[in-house]
Amino acid sequence: MSKPKLLVARRLFPELLEPLRAHYELDLHNSDTALEPAALRARLQGCWGMLGSGSERVDAELLAACPALRAVALITVGYNNLDVPACRARGLQLSHAPGVLTETTAEFGLSLLLATARRVGEGERYVRAGHWQGWSIDQFAGAPVCGTVLGIVGMGRIGGVIARRAALGLDMQVRYFNRQPVADCEFAQWRPLPELLAEADHLMVVVPYSAATHHLIGAAELAQMKPSATLINIARGGVVDDRALAAALRAGRLAAAGLDVFEGEPAVAPELLACENALLTPHIASSTLPTRQAMVQCAVDNLLAWARGEPGPTPIPA
Ligand code: DGY
């Protein structure tokens with residue numbers, strides 16, 4: 001009997017995919033460039049499943065054009081690229097990768113905070129460009145981090161680890177905004193968003209992207225922050241209005257921003273590229289080799305469970 005066809009929509013670690021070959025006929029899109037909607041639709045013809053990332057858009061239109069598709073396993077924790085209700089309406093099995101990247105992503109968020117507040121990117125560019133003539137009293141004077149107030153927007157797994165490390169490791173006073181206060185949140189106190197914005201010396205955005213969080217931090221919210229504050233986005237492009245942010249950075253209404261995610265990435269708004277006080281990284285918050293391997297393994301484990309007729313270990317929540 002022929003095996004169900006599985007599109008692997010990204011270049012991943014080939015050795016981790018090997019166990020899938022016993023159950024699936026693999027079609028490898030062995031590239032770091034995500035398939036555009038038309039190419040994805042064409043490539044998914046006759047496929048039973050897709051092993052994908054956060055880049056491949058699966059919506060009602062694609063599902064209608066790919067009626068054989070029964071399952072999508074993502075290597076990412078975020079799944080805003082899936083129209084989950086449309087997938088469910090067609091009975092697709094769906095999985096993502098929660099848990100395995102929590103510590104790594106939290107660690108990167110704090111790295112980006114420290115580097116942004118202390119102007120590491122600017123200083124590094126300055127030295128590398130050969131501009132450095134010697135030590136001076138206020139050169140690249142940054143903002144303090146230890147002992148200051150950290151505001152976290154989104155108190156999920158990653159937000160929780162950032163809160164604990166910031167409180168215990170950096171003596172920060174941690175506040176957070178979530179639609180609902182989280183029970184037993186040991187290291188952070190809930191605040192309504194306007195209060196959080198006004199109180200934070202540093203704001204860390206970790207909330208998942210959805211229609212409800214689109215431009216959650218826009219011009220009006222940025223205007224409520226301290227001009228000395230920094231803003232860090234490790235969530236998703238689109239949660240922060242990048243152009244409004246660039247305007248605030250240019251006008252000195254915000255001291256600095258550290259961004260790992262961008263609206264329409266990999267494109268980055270030219271206004272942001274022009275801001276010296278923006279530290280920009282290419283969506284690498286989860287990128288350590290062990291974590292990226294664990295993310296792939298998580299998708300593989302779900303696909304192997306589905307092949308055995310069992311529920312996968314990490315379904316996308318109902
Ligand atoms: C995720 O898992 O959603 C991350 O953004 C991928 O790095």
Side-chain angles (χ1 to χ4, degrees), residues 3-29 34 44 47-58 63 66 68-108 154-162 164 182-184 206-210 234-236 283 285-318:
K3 297 174 192 165
K5 207 170 133 195
L6 179 74
L7 173 66
V8 179
R10 282 267 168 182
R11 181 181 67 84
L12 298 173
F13 304 112
E15 64 283 8
L16 298 182
L17 304 179
E18 277 309 305
L20 293 172
R21 293 189 187 278
H23 306 276
Y24 299 102
E25 181 196 330
L26 301 192
D27 175 14
L28 303 181
H29 174 59
L44 277 174
C47 282
W48 176 89
M50 179 177 81
L51 198 175
S53 66
S55 309
E56 300 79 23
R57 176 97 193 120
V58 178
L63 293 167
C66 307
L69 193 65
R70 312 303 310 150
V72 175
L74 297 184
I75 63 166
T76 51
V77 63
Y79 50 84
N80 55 291
N81 54 320
L82 307 185
D83 180 339
V84 174
C87 290
R88 294 225 193 282
R90 286 193 170 254
L92 264 70
Q93 306 190 80
L94 304 173
S95 76
H96 67 143
V100 293
L101 46 69
T102 305
E103 298 285 335
T104 307
T105 304
E107 170 179 285
F108 189 85
M155 187 47 72
R157 292 183 198 84
I158 296 170
V161 173
I162 290 172
R164 173 165 51 81
V182 173
D184 305 325
V206 207
V207 73
Y209 179 81
S210 69
I234 56 166
R236 275 288 181 276
H283 202 147
S286 65
S287 191
T288 65
L289 267 185
T291 294
R292 288 283 167 92
Q293 286 163 347
M295 291 161 68
V296 175
Q297 188 62 51
C298 190
V300 168
D301 289 345
N302 281 278
L303 285 158
L304 292 176
W306 294 338
R308 294 191 300 267
E310 296 167 9
T314 54
I316 286 179

* Asked: Any side-chain heavy atom of R236 within less than 4.5 Å of one from P208?
  -> no
* Partners of D301 by side chain to side chain donor-acceptor pair (under 3.5 Å), sequence neighbours excluded? -> Q297
* **Qualifying residues under salt bridge (charged side-chain N to carboxylate O under 4.0 Å, His left out), relative to E15, sequence neighbours excluded** => none
* Is there a side-chain contact between I158 and L101, using heavy atoms and a 4.5 Å cut-off? -> yes
* Asked: Hey, what do you get for CG (L7) to NZ (K5), rounding to the nearest 0.5 Å?
  -> 8.0 Å
* Evaluate the side-chain proximity of N81 to V58: yes if any heavy-atom separation is below 4.5 Å, no if none is. => no
* So, does Y24 use its side chain to make a donor-acceptor pair with the main chain of L303 at under 3.5 Å? -> yes
* Say you draw a straight line from CZ of R292 to CG of L12; how long is it, rounded to the nearest 0.5 Å? -> 10.5 Å
* Asked: Closest heavy-atom contact between M155 and G160?
  -> SD-N, 3.4 Å
* With sequence neighbours excluded, residues passing side chain to side chain donor-acceptor pair (under 3.5 Å) with E103 -> R165
* Structure fact -> For P311, the side chain to side chain contact (heavy atoms under 4.5 Å, CB included) test, sequence neighbours excluded, returns none
* To do: Please test V72 against C87 for side chain to side chain contact (heavy atoms under 4.5 Å, CB included), starting from the C-alpha separation and ending with a verdict.
  => CA-CA 9 Å; V72 175; C87 290; 5.5 Å; no
* Asked: Which heavy atom of L44 sits nearest a heavy atom of C66, and at what distance?
  -> CB-SG, 3.7 Å
* For the student: nearest non-hydrogen atoms of G312 and A305, plus distance -> CA-CB, 3.9 Å
* Under a 4.5 Å cut-off applied to non-hydrogen side-chain atoms, are P313 and N302 in contact? -> yes
* Structure fact -> Heavy atoms of V84 and Y79 approach each other most closely as CG2-CD1, 3.8 Å
* Set of residues satisfying side chain to side chain contact (heavy atoms under 4.5 Å, CB included) with respect to S55, sequence neighbours excluded -> R10, A34, S53
* Asked: Nearest 0.5 Å, what's the CE-CG distance between M50 and L74?
  -> 6.5 Å
* To do: For T104, check side chain to side chain donor-acceptor pair (under 3.5 Å) against everything at least two apart and list the hits.
  => T291
List the atom pairs, with distances to 0.1 Å, where a side-chain N or O of residues 88-97 and a protein N or O form a donor-acceptor pair under 3.5 Å, not counting sequence neighbours.
| residue | atom | partner | partner atom | Å |
| --- | --- | --- | --- | --- |
| R88 | NH2 | I316 | O | 3.0 |
| R88 | NH2 | P317 | O | 3.0 |
| Q93 | OE1 | W306 | NE1 | 3.4 |
| H96 | ND1 | V77 | O | 2.8 |

* To do: Quick one: list whatever passes ring pair (Phe, Tyr, Trp, His ring centres under 6.0 Å) with F108, sequence neighbours left out.
  => none
* Asked: According to the salt bridge (charged side-chain N to carboxylate O under 4.0 Å, His left out) rule, which pairs have a member within residues 304-318, sequence neighbours left out?
  -> R308-E310
* Structure fact -> Here the salt bridge (charged side-chain N to carboxylate O under 4.0 Å, His left out) pairs for residues 70-83, sequence neighbours left out, are none
* Asked: What pair of heavy atoms forms the shortest contact from V100 to M295, and how long is it?
  -> CG2-CG, 3.8 Å
* Step by step, work out the side chain to side chain contact (heavy atoms under 4.5 Å, CB included) result for I162 and T105. => CA-CA 9 Å; I162 290 172; T105 304; over 6 Å; no
Enumerate donor-acceptor pairs with a distance under 3.5 Å from any side-chain N or O in residues 16-23 to protein atoms, sequence neighbours excluded.
| residue | atom | partner | partner atom | Å |
| --- | --- | --- | --- | --- |
| E18 | OE2 | R21 | NE | 3.1 |

* Asked: Residues two or more places apart in sequence or in another chain: which of them pass salt bridge (charged side-chain N to carboxylate O under 4.0 Å, His left out) with R57?
  -> D59
